[in-house]
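Written below as structure tokens is the structure these notes are about.
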Amino acid sequence: MTRALFHIAFAAALLAPAVVAGDAVAQATPQGPPPPLVKFTIVDNTIPEPLTDVPGDPDRGKRVVTNASNSTCLICHRMPIPEQPDQGQIAPPLDGIGSRYTAAQLRLRLVNPKLLTPETMMPAYYRVDGLTRVQAQYQGRTIYSAQDIEDAIVYLLTLK
Ligand code: HEC
């Protein structure tokens, strides 16, 4: 690689996380290898430690969980978001969920609810194993990024 090309590639690598952390929550067709899964530790049905060092952003979290192109919670759950007319009724409403659960409890529930209820229909938003019929470009990818999980948790905690 020439020196100039190297600089361009390096700049792109630096910019990529900024794009993810910004407004872009709609999933474009993923390019390149998936980011490595963040390691986490489960303690008493919770994941106590955040998956990222960047504190969750509740406004972005609201956009993450209502993103219709990315397994929105509203397929199954009702949420106190009147501007979203189509809401699910097949799972418990998430109204007041921030009073009933801690961040650590919500983190495990979002990462992989099958660890709590093996037969649940709720998707595991941060898991790559055990999935079937995954299109090639999504293989090895989680539904949510680690930051999406953290932003979603902080938003859910505002639902008191
Ligand atoms: C395909 C349906 C489906 C989707 C999509 C879904 N869930 Fe669920 N969720 C469920 C079901 C069913 C339950 C009931 C318990 C169980 O089966 O695990 C549940 C339970 C929960 C609970 C515990 C509720 C309580 O009152 O105890 C939380 C919190 C939750 N979901 C959050 C979310 C969030 C946040 C999203 C989106 C990021 C989401 N769910 C997406 C089906 C879904």
Side-chain angles (χ1 to χ4, degrees), residues 8-77 79-81 83-84 87-88 91 94-116 120-131 134-160:
I8 290 167
F10 188 59
L14 279 180
L15 280 173
V19 172
V20 171
D23 260 8
V25 291
Q27 273 201 331
T29 303
Q31 311 277 337
L37 208 66
V38 173
K39 289 194 173 35
F40 53 82
T41 306
I42 297 173
V43 183
D44 295 338
N45 283 343
T46 72
I47 300 177
E49 295 297 325
L51 302 181
T52 72
D53 293 333
V54 180
D57 171 344
D59 294 333
R60 186 175 180 280
K62 182 178 181 182
R63 293 197 297 276
V64 167
V65 301
T66 55
N67 178 357
S69 65
N70 198 19
S71 304
T72 169
C73 321
L74 293 171
I75 300 170
C76 300
H77 292 277
M79 300 179 82
I81 310 178
E83 67 272 23
Q84 295 274 350
Q87 304 215 0
L94 296 181
D95 308 62
I97 200 73
S99 305
R100 299 200 294 280
Y101 285 87
T102 63
Q105 290 172 316
L106 289 170
R107 193 171 289 111
L108 178 61
R109 170 83 54 178
L110 293 184
V111 162
N112 187 358
K114 324 259 181 227
L115 296 174
L116 298 166
T120 187
M121 68 172 90
M122 179 162 159
Y125 282 88
Y126 196 72
R127 185 183 70 160
V128 292
D129 60 316
L131 302 177
V134 178
Q135 288 175 290
Q137 76 264 34
Y138 293 106
Q139 269 166 15
R141 287 178 197 280
T142 54
I143 300 175
Y144 280 0
S145 69
Q147 194 60 47
D148 289 344
I149 295 281
E150 294 306 318
D151 292 349
I153 290 169
V154 171
Y155 168 65
L156 293 170
L157 288 175
T158 68
L159 305 182
K160 296 291 187 191

Which heavy atom of Leu157 sits nearest to which heavy atom of Thr102, and what is that distance? CD2-C, 4.3 Å
Compare all side-chain heavy atoms of Asp148 with those of Arg63 and state whether any distance is below 4.5 angstrom. no
Gap between atom CZ of Arg100 and atom CG of Leu156 - 0.5 Å precision: 11.0 Å
Checking the side chain of Lys114 only, and the main-chain atoms of Thr120 only, is there a donor and an acceptor separated by less than 3.5 Å? yes
Might you work through the side-chain contact (heavy atoms from CB on, under 4.5 Å) test for Arg127 and Thr142, ending with a clear yes or no? CA-CA 5 Å; Arg127 185 183 70 160; Thr142 54; 5.7 Å; no
Taking the side chain as every heavy atom from C-beta outward, state whether Ile143 and Asn70 have any pair of such atoms under 4.5 Å apart. yes
How long is the span from the CD atom in Glu49 to the CZ atom in Phe40, to the nearest 0.5 Å? 13.0 Å
For Val128 and Arg141, run side-chain contact (heavy atoms from CB on, under 4.5 Å): C-alpha distance rounded to whole Å, both residues' side-chain angles, the deciding distance at 0.1 Å, then the answer. CA-CA 6 Å; Val128 292; Arg141 287 178 197 280; 5.5 Å; no
Working to the nearest 0.5 angstrom, can you tell me the gap between His77 NE2 and Gln87 CD? 11.5 Å
Side-chain touch Leu37/Tyr126, heavy atoms, less than 4.5 angstrom: yes
Side-chain touch Ile149/Tyr125, heavy atoms, less than 4.5 angstrom: yes
Between CE on residue Met79 and SG on residue Cys73, distance to nearest 0.5 Å: 5.0 Å
Kindly give the heavy-atom pair with the smallest separation between Pro113 and Ala124, and that separation in Å. CD-CA, 3.7 Å
Donor-acceptor pair between Gln147 and Thr52 side chains, under 3.5 angstrom: yes
Gap separating the CD1 atom of Ile47 from the CG atom of Leu108, nearest 0.5 angstrom: 4.5 Å
Hey, are the side chains of Leu94 and Val65 touching, using non-hydrogen atoms and a 4.5 Å cut-off? no
Any side-chain heavy-atom pair of Tyr144 and Asp151 under 4.5 Å: no
Compare all side-chain heavy atoms of Asp57 with those of Val154 and state whether any distance is below 4.5 angstrom. no
What residues form a side chain to side chain contact (heavy atoms under 4.5 Å, CB included) with Thr46, not counting sequence neighbours? Val43, Pro48, Ala104, Gln105
Is it true that Arg107 and Glu150 have a side-chain N and a carboxylate O under 4.0 angstrom from each other? yes
